[in-house]
Amino acid sequence: MTRVTELGYVGLHVSDAQAWRIYARDCVGFEVLDEPGESDRFYLRMDNWHHRFVLHPGTQDDLAYLGWRVPDAESLENMERQLREAGIAYRVGTSEEAAERHVLGLLKLHDPSGIPTEIFYAPRVDMHLPFHPGRRMHGKFLTGEQGLGHVLVQAQDPAASYRFYSLLGLSGAVEYHLQTPMGVAKPIFMRCNDRQHSIAFGIPSEKRLNHMMLEYTDLNDLGMAHDTVRKRGIPVALQLGKHSNDKALTFYSATPSGWLMELGWGAATAGAQQEYHVLDVFGHGPEAAGLGLDVKL
Ligand code: MBD
Ligand code: FE
C-alpha cells in the first residue's frame with residue numbers, strides 16, 4: 001500500500017489579507033512571501049520549502065485545500081491505482097497546476113465532506129532562501145518529516161472520512177470522548193508519520209477548518225506568541241494546557257479568519273498502541289466561546 005508521508009501544504013481563502021499579514025508575522029512568526037506577478041495570492045513560510053501556506057484573498061474565510069505528500073512519482077502512480085481500485089474520483093493535475101503549487105506532480109480529489117484534497121510529490125525547497133522568521137525566534141517550527149502540523153476539519157460522516165484517509169495511508173482511532181453542548185463528541189485522530197496526528201475530525205464544525213496546529217521547537221517561542229496574542233487582545237478559546245494524546249502544551253486563539261490557531265510545543269511522537277481519554281492532563285480552560293471549540297477538555 002502507498003501511504004502519504006506528511007501534511008505538506010495548505011491553501012486558505014482569507015477575506016482580510018492585511019490582517020493576516022500582520023497576524024502571521026507578529027503572532028506566529030511566519031515569513032510572508034510575495035512573488036512577482038502573483039498579486040492574487042501570497043505565501044507563508046515555516047522552513048526552507050518555497051511555502052507551506054498559500055493565502056488566497058477574497059470574500060471567504062475557510063480552508064481552500066490540503067496537500068498531502070508522497071515520496072516520488074512512482075508513489076503518486078501507485079496512489080492513483082489505489083484510488084481507482086477503491087472507486088474514488090480523482091484527476092491528474094496538469095503541468096500548469098503542478099507549477100502553480102510549486103511541485104512536480106499532483107492528483108486532485110475531494111474528501112467525503114468536499115474538502116479539496118491534493119496528493120503531490122517533490123515540493124520546491126529553496127535552500128538558497130533559508131527561512132527568515134517574521135519576528136524574532138529562539139528556535140524553529142517543527143516540520144521536517146512530521147509535516148507542517150495538524151488540522152481539525154469538518155466531517156459530515158466521520159466513518160466515511162475515516163475510510164477516505166485510511167485509503168490515503170493514514171491510520172488512527174477515536175482518542176477522546178468529550179462533553180460538548182451538543183452531547184458527547186468522539187473525535188478521530190489520524191497519523192502518517194511520527195507526528196501524533198496530522199488530521200482529526202468528529203467535533204461538529206461550521207467551517208471546513210476548525211483549527212490548525214503548528215509546533216515550535218523552543219518553548220520560548222510559544223511564550224512569545226502567547227504574550228503577543230494577549231497584548232493584542234486576540235480572543236483565546238482555550239487557555240494554555242496539555243493534551244492527553246500528543247502531550248503538547250498548546251493554546252487556541254482566533255485567526256483573522258475566525259477559525260482557531262493552536263500553537264504548541266513539546267508534543268510526544270506517535271505511540272504504537274491506541275488509547276482514549278476523557279480529559280486533558282491540565283489546563284485548556286475555556287475562555288472565548290463560540291469559536292468552534294466549546295468542548296470540555
Ligand atoms: C488536539 O490537538 C486537539 O485539537 C484536541 C481537541 C484534542 C487533542 C489534541
Ligand atoms: Fe489540535
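Excluded from the calculations below are hydrogen atoms, water molecules and symmetry mates; all remaining heavy atoms, backbone and side chain alike, are included. Whatever order the structure lists them in is the order used to number ligands and atoms, beginning at 1.
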Decide if the gap between the ring center of [X] and the ring center of [Y] is smaller than 6.0 angstrom.
X	Y	result
H177	H277	no
H284	Y252	yes
Y65	H56	yes
F30	F53	yes
F189	H243	no

The Fe ion (ligand 2) - number of protein N/O/S atoms closer than 2.8 Å: 3
Given T250, N245, L297, the one that forms side chain to side chain contact (heavy atoms under 4.5 Å, CB included) with D280: L297
Does a donor on one side chain sit under 3.5 Å from an acceptor on the other, for [X] and [Y]?
X	Y	value
E74	Y121	no
E118	Y9	yes
Q146	Q196	no

Those protein residues which place at least one heavy atom below 4.0 Å from ligand 1: H150, Y176, F189, H197, H211, H243, N245, Y252, E262
